Amino acid sequence: MTSPAILINAFNRPESLKRLLHSLLFASIPDNTPLVISIDAGGDPYVPDIASSTQWPFGEKTVLLQPKPLGLIGHFLYCGGLTGQFGDIIYLEDDLIVSRQFCAFAHQALSAYRSDERIAGISLNRLHFNGYTQLPFEPRLDSSDTFFAQVYLPHGQAYTPEMWSAFERWWHTDRRPITRADGLHPLFLPHSRWKADFFPSAMHYLASSGRFFVFPRESMSVNSGDAGVHFNHSTRFFQTPLQHERNLFRFCSMDDAGAVYDSYQEIQPDRLSDALPGYTFDVDLNGTKPPEALKRPWTLTTRPVRRAEMTFGLTMRPPEANVLENVPGTGISLARKEDVRYNRLADLQTENRRFQYAGHGRISLRKAVLFRLLRLLETH
């Protein structure tokens, strides 16, 4: 099986593209690996110059200059559609930096999961944060170098033609406006913030089709957070260490994995069923699911509850480890879904509990509030 083609989406950031190409030239890339750089129309004129002048010693290089502007979503769809011409692809946006072993990981992961129709794609970035709480995300450890989540993260991805065509069929036949009944976080409901963004549709696809991305436990690419369509100024929020050394990786099937997470980044209930036999429950250990997202009779949650069937501490990491190890305490409750509390006070208590947990118990309530205010100021 040949190595995937490397496909770069570029537009208006010449220095970003130059940095990405520099990291590619120092990576371990097999011979006869095509490089395709697609440049949307209307951007910085220096971008095509950089793409054309860069030497590619690993195979054929193709620079595609779009004749008219495709926009953020249109350009993404165009680039993904190139799987029909090039087969397997590694899809990189121009503000990324890659590990020297990114190609080995992508090739091996695509080989391991290409026959599983539940897999929507391979991520090259390890997903170190929870986008709803803006706090660290720590997946449960198992025997694999990967975990699974219904989360779309455009910080480096890999697709087979079959993975992409499944999404493309959904886009053209089943895509519709997101509603509360779809079970996604409320922030994905139609809103002007997402008018020109692909992210909500990608999350909708994963949740509605029951598909997951495969994530590495150590990042094979990192987003530099350059200013662009999503950010008016640069950010260091997405920085993670890159794995440069290992080139052989362990994979297990999703059925055998201990770390499988839904669109709220909550572990799937069936991965905890041995610890809670006899209960049919939803998991809300981040405390971010609204009442309509709870479908089962019981809820495992960090939110305040009126009455708990049983409780667990909130000390081990990740949160689900407290249930698996039957840690005594009161940070986590198993309660009937109608007993989970939803009001402003309950929201504040849940947020404080998250901060205390993320800070290993060393963050006071006063500091938690100050940090929250600071984050709000930074986003405005």
Side-chain angles (χ1 to χ4, degrees), residues 2-25 27 29 32-98 102-103 106-107 110 120-125 152-168 171-172 196-199 201-202 205 220-224 226-230:
T2 59
S3 180
I6 298 171
L7 195 155
I8 297 175
N9 175 330
F11 173 51
N12 202 36
R13 297 183 288 198
E15 293 305 315
S16 298
L17 178 60
K18 187 185 299 183
R19 182 183 57 216
L20 171 58
L21 290 169
H22 181 267
S23 72
L24 285 169
L25 291 173
I29 297 176
N32 301 314
T33 297
L35 174 66
V36 183
I37 306 174
S38 178
I39 303 172
D40 201 8
D44 191 307
Y46 192 38
V47 170
D49 292 343
I50 293 173
S52 299
S53 62
T54 299
Q55 299 298 311
W56 184 246
F58 307 108
E60 181 179 355
K61 182 184 75 173
T62 303
V63 177
L64 302 172
L65 302 177
Q66 301 302 326
K68 59 181 181 180
L70 297 174
L72 180 70
I73 296 175
H75 199 196
F76 177 83
L77 295 173
Y78 171 85
C79 290
L82 291 174
T83 53
Q85 178 180 348
F86 292 96
D88 294 356
I89 63 168
I90 299 172
Y91 184 27
L92 305 173
E93 295 193 2
D94 59 5
D95 58 349
L96 302 180
I97 298 173
V98 297
F102 83 101
C103 221
H107 178 67
L110 288 171
I122 310 297
S123 175
L124 302 182
N125 185 275
Y152 173 79
L153 188 67
H155 298 174
Q157 300 166 331
Y159 297 96
T160 66
E162 293 76 18
M163 292 172 183
W164 182 262
S165 63
F167 164 73
E168 204 166 41
W171 179 269
H172 292 299
D197 205 302
F198 179 77
F199 189 63
S201 292
Y205 167 65
M220 299 294 133
S221 66
V222 66
N223 186 306
S224 297
D226 297 337
V229 174
H230 294 99

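Numbering of residues begins at 1 and proceeds along the displayed sequence. These numbers come from a predicted model, not from an experiment.
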Distance-minimising heavy-atom pair for Ile89 and Cys79 | CD1-O, 4.2 Å
Closest non-hydrogen atom pair, Gln157 against Phe76 = OE1-CE1, 4.1 Å
Intermediate values then yes/no, side-chain contact (heavy atoms from CB on, under 4.5 Å), Ile6 and Val98 | CA-CA 11 Å; Ile6 298 171; Val98 297; over 6 Å; no
Between Asp40 and Leu70, is there a donor-acceptor pair closer than 3.5 Å when you use the side chain of the first and the backbone of the second?
-> yes
Pro57 and Leu25: which non-hydrogen atoms are nearest, and at how many Å?
-> CD-CD2, 3.7 Å
For Val36 and Tyr91, run side-chain contact (heavy atoms from CB on, under 4.5 Å): C-alpha distance rounded to whole Å, both residues' side-chain angles, the deciding distance at 0.1 Å, then the answer.
-> CA-CA 10 Å; Val36 183; Tyr91 184 27; over 6 Å; no
For Phe58 and Ala27 the tightest heavy-atom approach is CZ-O, 4.1 Å
ring-ring contact (aromatic ring centres under 6.0 Å, His included) partner of Phe167, chosen from Tyr152, Phe198, Tyr159 | Phe198
Is there a side-chain contact between Pro14 and Val47, using heavy atoms and a 4.5 Å cut-off?
-> yes
If we only count heavy atoms from C-beta on, is the Leu110 to Met163 side-chain gap below 4.5 Å?
-> yes
Rounded to the nearest 0.5 Å, the OG atom of Ser52 sits from the CD1 atom of Ile50 at a distance of 10.0 Å
Between CZ on residue Phe102 and CD1 on residue Ile90, distance to nearest 0.5 Å | 5.0 Å
Where Gly81 and Trp164 come nearest, the two heavy atoms and their spacing | N-NE1, 3.4 Å
Work out which heavy atom in Leu92 is nearest to a heavy atom in Gly156; give both atom names and the distance.
-> CD2-CA, 4.2 Å
Do Pro48 and Val63 have side-chain heavy atoms sitting under 4.5 Å apart?
-> no
Could you please spell out the steps behind the side-chain contact (heavy atoms from CB on, under 4.5 Å) verdict for His155 and Leu96?
-> CA-CA 7 Å; His155 298 174; Leu96 302 180; 4.2 Å; yes
List the steps, then state whether side-chain contact (heavy atoms from CB on, under 4.5 Å) holds for Ser165 with Thr83.
-> CA-CA 9 Å; Ser165 63; Thr83 53; over 6 Å; no
Would you find a donor on one side and an acceptor on the other, under 3.5 Å apart, between the side chain of Asn12 and the backbone of Asp44?
-> yes
Point-to-point distance, once rounded to the nearest 0.5 Å, from CZ of Arg13 to OG of Ser224 | 9.0 Å
Name all pairs fulfilling the side-chain hydrogen bond (donor to acceptor under 3.5 Å, both in side chains) condition that reach into residues 54-80, sequence neighbours left out, sorted by first residue then second.
-> Asn9-His75, Ser38-Gln66, Ser38-His75
Rounded to the nearest 0.5 Å, the CD atom of Glu93 sits from the CG atom of Leu72 at a distance of 7.0 Å
List in chain and number order the residues that pass side-chain hydrogen bond (donor to acceptor under 3.5 Å, both in side chains) with Tyr205, two or more places apart in sequence or in another chain; answer none if no residue qualifies.
-> Arg211
Distance from Asp94 atom CG to Arg19 atom CZ, nearest 0.5 Å?
-> 8.5 Å
Gap between atom NZ of Lys18 and atom OG of Ser53 - 0.5 Å precision = 8.5 Å
Member of Asn125, Leu20, Ile97 meeting the side-chain contact (heavy atoms from CB on, under 4.5 Å) criterion with Ser221 = Asn125
